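Comments concern the structure below.
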Amino acid sequence: MAPEPSEPPEVAPAVRPWVLHVDLDQFIAAVEILRRPELAGLPVIVGGRGDPTERAVVSTASYEARAFGVHSGMPLKLAVRKCKEAVVLAVDAPAYDAASAEVMATLKAVPGAKVQVLGWDEAFVGIETDDPWAVARSIQAAVLKRTDLHCSVGVGDSTVRAKIATDFGKPRGVFELTRENWFEVMGDRPTTALWGVGSRIAARLAGHGIETVHDLAHADESVLVDEFGPAMGPHYRRLGRGIGTTTVDDTPWVARAHGRETTYQTNLVEPEEISGALTALSEQVVEDIRREERACMRVHLKVRFAPFFTTTRIRKLAEPTFDASVIAATAFDLLTGLGDDRPIRLLGVRAEMVPPEGGYDPPRTVGRGGPPAR
DNA sequence: TCTGGGGTCCTAGGACCC
DNA sequence: TCTGGGGTCCTAGGACCC
């Protein structure tokens, strides 16, 4: 039994490892507004080729456009219907690559920081400090000074908590989420508030009466194992408690695969145009894997038939290859094997590459965010 | 309303081997 | 005739994230 202290101890804050999650505010829209200052304050939507009559979705909307109910992932046609006065711009990936590189270089220049890049506009920063808020503020200032871009920072004692904290800080703010305030902040929120729980998982959890983060944290582990398996079941319960890795992994990211996919403005029907499309996609994929000098060992075909049915097929190749015609022929063969002659809206070809010497270690979860390796 | 394009990882079940 | 138990590899499919 701990004695009651007569007065609170005056202790200096200890130096501890912290995880900071840095997330740029409306990144893509912000980059566009930087080079077209006259757009500041206007509703800006970036998506597709900038033509709202085409099949495309919103990549990012400015805060002004979001006020109209426009958000990422929304069909462009619907977005402009909601916000008729919006300025619609084409996606310019090279511009965002360049801006992103500046931001990440700024983060890597923070003394003692380990940086794990998660995407164009976000990264974990691991740092040992007695004042994570001061570090967060200095990062915001440094990024703004170098790139004219604003960011929000989540401060946490795990990657999961830091990542989730950021949203509460947006825009341009800092928010801290730790073991101390986790349940106070998150306990009553729906499970979808967790990084890695989407609508499908949430629905399966709800089937067991698990609706909130608190419910998940205190759920019967055997129920979760039965529903989700021995790896994912316990993982979801840990997620509900905000428990995750406490270290930031700054080893360079190694891609497992490269793929290209295209949604056709008019559906494909003729075999010749289908095989032509697969050839074009395969050639693009080969450009990417040649750059990495890692051959294709498995071909993934993705097909979206009209009106809206998507399926994938995989085939391992007898020999690793850089030959686009082999990849295209394999994809065509997989497509033929489906025996489905409905018109095609989308085709995708992905090349899974030969792993580097010694395999993938450590396994990375970039772009997924969540489940533990192993 | 009508749904992009880039990724990663997990599970289940069948084939096959010892 | 009835049928083990362990392991690996492969494919199909699902789910999630930015």
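Labels below follow one simple rule: chain letters A, B, ... track the order of the sequence lines, proteins then strands, and each chain is numbered from 1. Small disclaimer: the values here were computed from a predicted structure and weren't measured.
Within the structure, every side-chain polar atom (N or O) of A:Arg304 is placed at least 4.0 Å from both OP1 and OP2 of B:dT3. Distances shown here put a side-chain N or O of A:Thr263 below 4.0 Å from the OP1 or OP2 atom of B:dG5. For A:Arg256, no side-chain nitrogen or oxygen approaches OP1 or OP2 of B:dT8 to under 4.0 Å. Within the structure, a side-chain polar atom (N or O) of A:His258 is placed less than 4.0 Å from OP1 or OP2 of B:dG7. Using a 4.0 Å cut-off, some side-chain N or O of A:Trp195 falls inside it from OP1 or OP2 of C:dC18.
Nearest heavy-atom pair, A:Ala331 versus A:Leu301, reported as atom, atom and distance to 0.1 Å: O-CD2, 3.7 Å. Here the closest heavy-atom approach between residue A:Ala351 and residue A:Val285 is recorded as CB-CG1, 3.4 Å. Considering all non-hydrogen atoms of both residues, A:Gln26 and A:Ser62 come closest at OE1-CA, 3.0 Å.
Listed by residue number, the members of residues 84-106 of chain A with any heavy atom below 4.0 angstrom from DNA chain B form an empty set. Shown for residues 339-347 of chain A: residues whose heavy atoms fall under 4.0 angstrom of DNA chain B, namely A:Arg345, A:Leu346.
Every residue meeting the side chain to side chain donor-acceptor pair (under 3.5 Å) condition with A:Arg294, not counting sequence neighbours, appears here in chain and number order: A:Glu292, A:Tyr360. Annotation: side chain to side chain donor-acceptor pair (under 3.5 Å) contacts of A:Thr191 (sequence neighbours excluded): none. When the ring-ring contact (aromatic ring centres under 6.0 Å, His included) test is applied to A:Phe175, the partners found at least two apart in sequence or on another chain are A:Phe168.
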Sequence neighbours left out, cut at 3.5 Å: what donor-acceptor pairs do the side chains of residues 268-275 of chain A make with other protein atoms?
{"residue": "A:Glu273", "atom": "OE2", "partner": "A:Val269", "partner atom": "N", "Å": "2.8"}
{"residue": "A:Glu273", "atom": "OE2", "partner": "A:Glu270", "partner atom": "N", "Å": "3.1"}
{"residue": "A:Ser275", "atom": "OG", "partner": "A:Glu272", "partner atom": "O", "Å": "3.4"}

Could you list the donor-acceptor pairs under 3.5 angstrom formed between side-chain atoms of residues 83-95 of chain A and any protein atom two or more places apart in sequence or on another chain?
{"residue": "A:Lys84", "atom": "NZ", "partner": "A:Arg81", "partner atom": "O", "Å": "3.3"}
{"residue": "A:Asp92", "atom": "OD2", "partner": "A:Arg35", "partner atom": "NH1", "Å": "3.1"}
{"residue": "A:Asp92", "atom": "OD2", "partner": "A:Arg35", "partner atom": "NH2", "Å": "2.8"}

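Listed by chain and number, the hydrophobic cluster partners of A:Val354 are A:Met297, where partners are ILVMFWY side chains within reach of under 4.5 Å, directly or through others.
Taking atom CH2 of residue A:Trp253 and atom P of nucleotide C:dC17, one finds them 18 Å apart after rounding to whole Å. For A:Leu239 and C:dA15, the CG to P distance is 17 Å, given to the nearest whole Å. Distance A:Asp51 CG to B:dG4 P: 15 Å, rounded to the nearest Å. As rounded to whole Å, 14 Å separates atom P of B:dG4 from atom CG of A:Leu281. Look at CD on A:Glu54: it is 11 Å from P on B:dT3, rounded to the nearest Å.
Note on A:Val58: nothing from the nucleic acid sits closer than 4.0 angstrom, heavy atoms only. If you check every strand for non-hydrogen atoms under 4.0 Å, A:Gly198 touches sugar and phosphate atoms only. At the heavy-atom level, A:Gly259 lies under 4.0 Å from the strands shown only through sugar-phosphate atoms. Residue contacts for A:Arg81: at a heavy-atom cut-off of 4.0 Å it reaches the sugar-phosphate backbone alone, with no base atom in range.
Along DNA chain B, the nucleotide closest to A:Asp288 and the one closest to A:Gly233 are compared, and the more 5′ of them pairs with A:Asp288. Of the two residues near DNA chain B, A:Ala255 and A:Gly229, the one whose nearest nucleotide lies more 5' is A:Ala255.
With hydrogens and angles left out, the side-chain atoms of A:Thr178 and A:Glu180 include a donor and acceptor closer than 3.5 Å.
If you check B:dT3, B:dG5, C:dA15 against the side chain of A:Ile201, the one that comes closest is C:dA15. Looking at the side chain of A:Thr262, the nearest of the listed nucleotides B:dT3, B:dG5, B:dG4 is B:dG5.
The same atom, C1', is picked in B:dG4 and in C:dC16; the two are 16 Å apart, to the nearest Å.
Around CG of A:Asp340, the count of heavy atoms belonging to other residues, nucleotides or ligands within 6.0 Å exceeds 12.
Sorted by first and then second residue, the ring-ring contact (aromatic ring centres under 6.0 Å, His included) pairs involving residues 78-107 of chain A (not counting sequence neighbours) are A:Tyr96-A:Trp120. Listed by first then second residue, pairs satisfying salt bridge (charged side-chain N to carboxylate O under 4.0 Å, His left out) with a partner in residues 218-230 of chain A read A:Arg204-A:Glu227, A:Glu221-A:Arg237, not counting sequence neighbours.
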Check nucleotides 9-13 of chain C against the protein and report each pair of N or O atoms closer than 3.5 Å, with its distance, or say if there are none.
{"residue": "C:dT11", "atom": "OP1", "partner": "A:Lys316", "partner atom": "N", "Å": "3.0"}
{"residue": "C:dT11", "atom": "OP2", "partner": "A:Lys316", "partner atom": "N", "Å": "3.3"}
{"residue": "C:dA12", "atom": "OP2", "partner": "A:Ile314", "partner atom": "N", "Å": "2.9"}
{"residue": "C:dA12", "atom": "OP2", "partner": "A:Ile314", "partner atom": "O", "Å": "3.0"}
{"residue": "C:dG13", "atom": "OP2", "partner": "A:Arg313", "partner atom": "NH1", "Å": "2.1"}
{"residue": "C:dG13", "atom": "OP2", "partner": "A:Arg313", "partner atom": "NH2", "Å": "3.3"}

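Using cut-offs of 30° and 60° on the angle between ring planes, the pair A:His218 and A:Phe183 is tilted.
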Seminar exercise, completed: For DNA chain B, the dot-bracket notation using Watson-Crick and G-U wobble pairs below 3.5 Å, [ ] for pseudoknot-type crossings and | for other-strand pairs, is ....||||||||||||||

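Distance check: A:Ile327 CD1 to A:Arg315 CZ gives 13.5 Å after rounding to the nearest 0.5 Å.
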